[in-house]
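Residue numbers start from 1 in every chain, and the chains themselves are labelled A, B, ... in the order their sequence lines are given, proteins ahead of strands.
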Amino acid sequence: MDAPAAIAARDLGRRFAGRWAVRGVTLEIPASQMVMIHGPNGSGKTTLLRVLSSAISPSQGEVRVHGVPAVEARRRIALLSHADGHYDELSGRDNLALAKELGKMPGSVDGVLDAVGLASRADDPVRAYSAGMRKRLAFARLLLKEADVVCLDEPYAALDPEGHALVDDVLRQLRARGATVLVSTHQVRRVAGLVDHAIRLENGHVAAQVPAAQVSPAALAAAPAGGDA
Amino acid sequence: MKHVWASGAAAVLLLSVGTYIGFFHAPVEQYMGITQKIMYVHVPTAWTALLAFTAAFVASVGWLWKRAWTWDYLLESTIEVGIVLGCLLSVQGALWAKPTWGVYWDWDPRLTSVAVMVLTYAGIAALRSFVDDPVKRATWSSVASALGYVNVIFVYLCVKWLRTLHQPQSSPSTVDPAMVLPLRINAFGMIFLAIFLVALRYRMARARRARELEA
Amino acid sequence: MPAGVLTGGEEFVAAAYIVSFVVLALFAGTMIWRARQEGAL
Amino acid sequence: MEIASQCLLVLQKELRHLWRARARATATATFALACLFLFSFAGGLDGDTLRDNAAGYLWVGLLLASTLALGESFRVETEHGALEALLLFPVHPVALFLGKALGNMLTLLAVGLAMVPFAVALFDAAPREGVPTLAACVLSGSAAIAAPGTMHSALASRARARDVLLPLLLFPLVLPCVVAATQATRLAITGDPMNQLGSWLSVTVAFAIVHWSLGALLFPLVVED
């Protein structure tokens, strides 16, 4: 019996009051695979990512990470979500130091600060950071954790061109480290070249699951030119 | 549905019989005179209000343990009925205290505890109205309800202690056996009425949740 | 315990019963009406 | 063990955050002092009533100020999704509760102790039972308010109309401990001939124990999504 899948979801569903944001999703992502999740706004990308990373619990079905229920495997999962999760009054460095101590994270604070280009502003309160800088700090915390399973929710959003290059670089680093990666994005053409598989979501259901090379031309064409709208 | 209407009918019957006996057959209490007759509606309301809040506590523990929607419907209905009965009890308490003590509110530990419970559960009803997600609404209001119910013991003790420093105990002590009958009839009457009200409100909660949760 | 502090006191007894049964009747009536409105009856 | 160490780290973060945002803490304390003034005018300015009511004014003022501090303590967590990030590290919810509740307790204690000298001056309420006893009353009262306060600010911070919801949920709940703390403080100020102060203090301690343990038990349910 080979190793259990990095992420295994069986008939997954999550509803908010009357609406099923995600329903009937069954997928299995082997370890060290990099998968892109794309689809129109409201197709359930963010909800699916938050359920798979155990940020929110499923209303139906179950998520297993490396054979263990996701909630118990949080130490091995890292999520970059829209909300950056920082404390405004603390400095960038303090936020990372807190995360490192609380989550017993292996990475080095100064190392990740350099990696995301925030070394010069590390000691200013996050309250003074721009949206792009807050996102870089969120990336720094993600790198600090060195998790086996990494979920990125629209990583390119709110970043300048250098930021986009940073995201590409992070994706390559994750590939080199053999992490299992899930990326939800609208940058379909750009990310298709960096991942192994692509899953297309349409109003809460998996519409297509193909190797990255065969992503449909329509989807590629649909990718917006600029950042993640 | 038949048994709900039956419970309502039983309530009306019992309350009328109990009140009739209480007024015309039970002896007039030697010390308190006529005002003691308020007891036949006041004490049953008190028991039923406490029963309703206890049912709300059971419902919240039920939801936190089993996460079955019936507990949430029960919580929603017992809160509403409990609040109305609690408010009614406070008004009755005032109408009883004025002729007996010359003041509308004499900080009787039991009455004050019920009044604080009404405030607590009114806060919980407000919480329920400000949370949109049904699951969170059920869980958070159950947590608040459990905390609020456990707290009532402290409220009773503190008020009772605070009062014994200032005023002697004010509740009637001896109850003439002839007075027990109307009291008990009315008590069952009020309980059946509460069951009728809770049952209706339960079905309303179920209908609302069905509309809220339909895909 | 003092006998009825205020002579009489009948009006308070009457008030207590009237208020109680009016409130309960109104509450029950509106409950039935609301239940019917929401299709729960 | 892990919960204890995480709890201390959360507390450390709370205190560092409070220090960095100390302007807000002083504003809360100033608000509490304004309450003291307000109540003394409301209650009448003659000496005896002021001294007798000093304890009540102190505690109601502290309770009103506590809603500001408690509301802020979870606005910080939910505004940018920090609470969710912590839970994903993972931080054990009980450690999160204990850390935040201790932080809130220390805030309330600081505001309470800051009010004491003003209360003593304004109401000529020099504590006959001595300052340590008065401080003990403020400490036990703050501890008793902090636990249910933290619970309900966690609830209210994620519901709508959070600023009205927190006091509405909290005040009926902390009523017994405010009654007990006020009585203990009043006896500390005006003298305690029949030494009842100890028993009133034990009521607040019992209240604190119940609500700290219930909080630790129920907090994970509040933060789960």
Sub-4.5 Å side-chain heavy-atom contact between D:F89 and A:R74
no

Measure the shortest side-chain to side-chain distance between A:S54 and D:L88 over non-hydrogen atoms and say whether it is less than 4.5 angstrom.
yes

Part of D:E84 within contact of chain A (heavy atom distance under 4.5 Å):
side chain

Contacting region of A:L79 [heavy-atom separation from chain D under 4.5 Å]
side chain

So, applying side chain to side chain donor-acceptor pair (under 3.5 Å) with A:Y87, which one of D:H17, D:E77, D:H80 is it?
D:E77

Considering all heavy atoms, the nearest D:D225-A:R50 contact:
OD2-NH2, 4.3 Å

Which one wins on heavy-atom pair count under 4.5 Å against chain A: D:E224, D:Q6, D:R16, D:R20?
D:R20

Looking at A:F16, I want to see if its CZ is surrounded by more than 12 non-hydrogen atoms of other residues, nucleotides or ligands under 6.0 Å.
yes

Got a second to check how far A:H86's NE2 is from D:E79's CD, nearest 0.5 Å?
13.0 Å

Top contributor to chain D contacts, counting heavy-atom pairs under 4.5 Å, from A:A78, A:A138, A:A83:
A:A83

Under a 4.5 Å cut-off applied to non-hydrogen side-chain atoms, are D:V10 and A:L102 in contact?
yes

What part of D:E2 lies closer than 4.5 angstrom to a heavy atom of chain A: side chain, backbone, both or neither?
side chain

Bottom line for D:A85: the part with an atom under 4.5 Å from chain A's heavy atoms is side chain

Which portion of A:R127 sits near chain D, non-hydrogen atoms under 4.5 angstrom
neither

With a cut-off of 6.0 Å (strictly less than), are more than 12 heavy atoms of other residues, nucleotides or ligands near CZ of D:R75?
yes

Flag the one option from A:H82, A:R134, A:K104, A:M105 with the top tally of heavy-atom pairs under 4.5 Å to chain D.
A:R134

With the side chain counted from C-beta on, respond yes when A:R75 and D:P90 share a heavy-atom pair under 4.5 Å apart, and no when they do not.
yes

Please state whether the side chain, the backbone, both or neither of A:R14 comes within less than 4.5 Å of a heavy atom of chain D.
side chain

State whether D:K13 and A:D94 are salt-bridged, where the test is any N-O pair (Lys NZ or Arg NE/NH1/NH2 against Asp/Glu carboxylate O) under 4.0 Å.
no

